[in-house]
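Right, one structure below, let's go through it.
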Amino acid sequence: MLLSLDFSSDIPIYQQIRNQIIIAISDGKLLPGDQLPTIRNLADQSGINMMTVSKAYQLLKQEGYITADRRNGAKVAPRNASSSEIPRILHNELQLLISQFHLQGVKEDQFLSLCKELYNKEG
């Protein structure tokens, strides 16, 4: 697995790993059941501390994107069936993004157009 980490970014490395894995799952680059690199291998490949990778994997597991155990390692979790209820954490993240776009002067129609374009591009 090739990650593109920005060590000068304000976004913590574990968060960058988490985000890139979620995007890879959504894009279909990682499929349900696909094996992820071990924590040690990903840390070695990326030149980062194993605890950083472990934190990213723990987050992904908590959020239901991966499954992990000592015997089988980390794998992409099966996709959830469609639900009409939006998880609170996603609602809060979207609210923050909308606020950031609003403060940057992006108009509602521009924002919605971008959302539609990106949503239709995904998985």
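Residue numbers count from 1 along this sequence.
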Original post:
What are the two closest non-hydrogen atoms of G64 and A77, and how far apart are they?
Top reply: O-CB, 3.4 Å
**OP:** Kindly give the heavy-atom pair with the smallest separation between I86 and L90, and that separation in Å.
**Re:** CG2-CB, 4.2 Å
Would you say [X] has more than 12 foreign heavy atoms packed within less than 6.0 Å of its [atom1]?
X    : atom1 : answer
L94  : CG    : yes
Q100 : CD    : yes
L96  : CG    : yes

When you measure from the side chain of [X] to the backbone of [Y], do you find a donor-acceptor pair of N or O atoms at a distance under 3.5 Å?
X    : Y    : value
R18  : K55  : no
K61  : A68  : yes
E117 : L112 : no
S46  : L42  : yes
D69  : R71  : yes

Is there a path of hydrophobic side-chain contacts, each under 4.5 Å between heavy atoms of I/L/V/M/F/W/Y residues, joining [Y] to [X]?
X   : Y   : answer
I48 : M51 : no
I11 : L5  : no
M50 : Y57 : yes

Subject >> Intermediate values then yes/no, side chain to side chain contact (heavy atoms under 4.5 Å, CB included), I13 and D6 >> reply: CA-CA 8 Å; I13 299 299; D6 182 356; over 6 Å; no
Give, for atom [atom1] of [X] and atom [atom2] of [Y], the distance between the pair rounded to the nearest 0.5 Å.
X    : Y   : atom1 : atom2 : answer
S4   : Q20 : OG    : CD    : 5.5 Å
E63  : I21 : CD    : CD1   : 11.0 Å
L30  : L36 : CG    : CG    : 6.0 Å
R40  : S54 : CZ    : OG    : 12.0 Å
L114 : L97 : CG    : CG    : 10.0 Å
R88  : Q95 : CZ    : CD    : 9.0 Å

Original post:
Residues two or more places apart in sequence or in another chain: which of them pass side chain to side chain contact (heavy atoms under 4.5 Å, CB included) with N19?
Top reply: Q15
Original post:
Do N41 and T38 have side-chain N/O donor and acceptor atoms under 3.5 Å apart?
Top reply: yes
Original post:
Is Y14 isolated, or which residues cluster with it under the ILVMFWY side-chain rule of less than 4.5 Å, directly or via members?
Top reply: L59
Subject >> Residue pairs passing the ring pair (Phe, Tyr, Trp, His ring centres under 6.0 Å) test where at least one lies in residues 86-114, sequence neighbours excluded >> reply: F101-F111
